[in-house]
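Here the structure is a predicted model, which is why all the values come from computation and not from measurement.
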Amino acid sequence: MPELPEVETIVRGLDKVLSGKKISAVKILNKKSFLGERSEILGKKIIAVRRRAKYIIFELERGKYLLIHLKMTGQLIWQSQKIPNNKVVGGHPDEMYRRQDKLPHKYTRVYFEFDDGSRLFFNDLRVFGWIKIVDQGELKTLLSDLGFEPLPYTKNDRKSGELLILGVSNLNSIIQKYPRRRIKDLLQDQKLIAGIGNIYSSEILFCAGVLPGRAAGSLTAREIRKIYQSINRVLSKAVKLGGTSMSDYRKVDGSKGGYLDEAGVYAREGEKCRKCAGKIKRKKIGQRSAYFCPHCQV
DNA sequence: CAACCATCCTGCGAGC
DNA sequence: TGCTCGCAGGATGGTT
Ligand SMILES: [Zn+2]
C-alpha cells in the first residue's frame, strides 16, 4: 500500500522522534509479523531511521538493524507518553484503523516501548507486512536487487550514494531493455525502479499522457522524457503532501489533506477527468487495476 | 521472455 | 438477512 511518498513521510517523522531512544520492550501480538529473536534488540539505541525503496530501516547500535515492510495495509504510529497528541503517523490510512480509538488495538501486531515511555505501534490489518531483525550483511543482501531511486535528495540509503538516483538515461536503458513490456509494469518493477506502486504508476502515466498498456518499445523519445518528468513531479508533490496516509490525522491537526484528495485518476473510475470532459476508466494490467483517461492518454 | 495465476491475510460493499 | 464475488496502496514463486 504505502508507496515511496508514504514511506518517505513516515521515515522523516520517525527519524526525528526516535533517534537516540533506547528500546526497552518489544511486544509481539502476532508471531508472523516479527521475524527474529527479540532479545537481540532489547536495550539498544536507535541511531537513525531511513529507507530504501519501500523498505524502512532502523539502524541500531552494534550493527543491528530493523527492516520493516508495510506491504498493503501496514501502518506505524509513534506516540509520546505524556502528550498523546504528540504523534507521528504513517502508512496505510484504512478506514478500519480510524474506527479504533486506543492503542494497541485489534490490528496492532507489534509494538515497541522506549526509555522515555513513548511507544511505536505496528498496525497491519492483512498481516502481509513484517518487521525483521538483520545484521549489516543480511540487510545488504535483502536490498541488493532493488533498482534506481526515482527521487533525488530524499532520505534513502545514503551509504549507497548518488548512483542510485534515476536519470533520464537510466529510464531510456530500461525501456530499451524491455521493449515488449507494458510501461505501467516497468514503472512498478522494484528491480528496475524502486518505490512506485499501483497508485503512483497510474498517476504518473496520467500526468505524462501515456496509456498504461503501451508497450515500452512503442514510446517516443518525447513520451519517455514526459514520463521521466512526471515521475519526479508526481512523487515530489506527493511527498510534499505527506503521501496519501495522513489525511485523517492531518484534519485533527488542522492541516491539509493527503495526496489522494488530489489524485487525477486513481480510484476514480467513472468519475469525470480533471483535464477533459471524459470519464476515467479502469482496466486490469498485470492483475492490478490501472486507471486512466482514454482521451487524455495516448 | 512476458503474461497470467495463486498465495500470504482481513474486511467491505454490491448484488442476488 | 445471509451468501458469494470482486476489490484493496505488495511481493514472490510458479506455470503457460
Ligand atoms: Zn481526460
Side-chain angles (χ1 to χ4, degrees), chain A residues 1-10 29-35 51-56 67-76 90-100 105-110 122-132 142-147 174-204 212-218 234-235 238-239 241-248 258-270 282-291:
Chain A
M1 110 350 54
E3 304 178 33
L4 185 150
E6 291 75 35
V7 175
E8 177 68 21
T9 301
I10 186 66
L29 309 181
N30 185 314
K31 278 193 95 176
K32 289 195 168 176
S33 302
F34 192 94
L35 312 167
R51 73 162 181 87
R52 171 80 169 98
K54 300 172 193 169
Y55 293 87
I56 298 165
L67 187 63
I68 303 174
H69 203 303
L70 300 173
K71 292 287 181 85
M72 297 284 263
T73 54
Q75 180 192 59
L76 289 167
H92 202 269
D94 198 280
E95 294 291 336
M96 290 304 301
Y97 295 143
R98 297 181 190 176
R99 288 180 209 154
Q100 310 296 320
H105 57 53
K106 70 184 285 201
Y107 303 115
T108 303
R109 310 303 181 190
V110 179
F122 174 61
N123 304 324
D124 185 19
L125 188 149
R126 292 175 70 179
V127 205
F128 291 166
W130 42 258
I131 299 174
K132 186 177 168 69
L142 286 167
L143 303 182
S144 62
D145 283 339
L146 291 167
I174 289 169
I175 285 168
Q176 274 175 36
K177 194 170 173 191
Y178 302 101
R180 281 192 282 275
R181 281 173 66 181
R182 295 169 294 194
I183 185 62
K184 178 174 188 281
D185 183 42
L186 284 190
L187 292 180
Q188 285 178 229
D189 188 330
Q190 303 300 300
K191 292 183 172 69
L192 304 175
I193 303 170
I196 298 173
N198 208 39
I199 293 182
Y200 295 106
S201 58
S202 279
E203 292 297 311
I204 287 164
R214 286 275 297 281
S218 76
V234 169
L235 293 182
V239 169
L241 289 172
T244 58
S245 302
M246 314 195 18
S247 54
D248 190 51
Y259 181 87
L260 267 198
D261 298 336
E262 306 195 24
V265 288
Y266 185 78
R268 297 194 65 236
E269 185 185 15
R282 180 169 67 89
K283 185 187 177 185
K284 286 270 180 206
I285 288 188
Q287 319 311 122
R288 318 289 301 273
S289 289
Y291 296 87

**Request:** Look at the side chain of A:Arg181 against the base of B:dA3 and say whether a donor-acceptor pair falls under 3.5 Å; ignore hydrogens and angles.
**Result:**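 Result: no qualifying N/O pair found.
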Take atom [atom1] of [X] and atom [atom2] of [N], then tell me their distance rounded to the nearest Å.
X: A:Gln287; N: B:dT7; atom1: CD; atom2: P; answer: 13 Å
X: A:Tyr178; N: B:dA3; atom1: OH; atom2: C1'; answer: 15 Å
X: A:Met72; N: C:dG10; atom1: CE; atom2: P; answer: 6 Å
X: A:Leu187; N: C:dA11; atom1: CG; atom2: P; answer: 14 Å
X: A:Lys184; N: B:dC4; atom1: NZ; atom2: P; answer: 13 Å
X: A:Ile285; N: C:dA8; atom1: CD1; atom2: C1'; answer: 18 Å
X: A:Leu67; N: C:dA11; atom1: CG; atom2: C1'; answer: 13 Å

Please determine, for the side chain of [X], which listed nucleotide ([options]) has the closest atom?
X: A:Ser289; options: C:dA8, C:dG10, B:dT10; result: C:dA8
X: A:Arg182; options: C:dA11, B:dG11, B:dA3; result: B:dA3
X: A:Asp185; options: B:dT10, C:dA8, B:dA3; result: B:dA3
X: A:Arg282; options: B:dG11, C:dG10, C:dA8; result: C:dA8
X: A:Lys54; options: B:dT10, C:dG10, B:dC4; result: C:dG10
X: A:Arg288; options: B:dG11, C:dG10, C:dA8; result: C:dG10

Give a yes/no answer on whether the side chain of [X] brings an N or O atom under 4.0 Å of OP1 or OP2 in [N].
X: A:Arg126; N: C:dG10; answer: no
X: A:Lys106; N: B:dG11; answer: yes
X: A:His69; N: C:dA11; answer: yes
X: A:Tyr55; N: C:dG10; answer: no
X: A:Tyr291; N: C:dA8; answer: yes

List, one per line, each side-chain donor-acceptor pair under 3.5 Å for residues 282-289 of chain A, sequence neighbours excluded.
from: A:Arg282; atom 1: NE; to: A:Glu269; atom 2: OE1; distance (Å): 3.0
from: A:Arg282; atom 1: NH1; to: A:Ser289; atom 2: OG; distance (Å): 3.0

**Item:** Parallel, tilted or perpendicular: ring planes of A:Tyr200 versus A:Tyr259, cut at 30 and 60 degrees
**Value:**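 Rings of A:Tyr200 and A:Tyr259: tilted, 30 to 60°.
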**Message:** For DNA chain C, which residues of residues 189-198 of chain A approach it to below 4.0 angstrom with any heavy atom?
**Reply:**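 Those residues whose heavy atoms fall under 4.0 Å from DNA chain C, taken from residues 189-198 of chain A in numerical order, are A:Gln190, A:Gly197, A:Asn198.
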**Prompt:** Within the structure shown, what part of the strands sits under 4.0 Å from A:Lys177 by heavy-atom distance: base, sugar-phosphate, or nothing?
**Reply:**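 Nothing, no heavy atom under 4.0 Å.
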**Asked** Hey, is A:Phe128 doing a stacking thing with C:dA11, by the 5.5 Å centroid and 30° angle criteria?
**Response**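 Aromatic stack with C:dA11 absent for A:Phe128.
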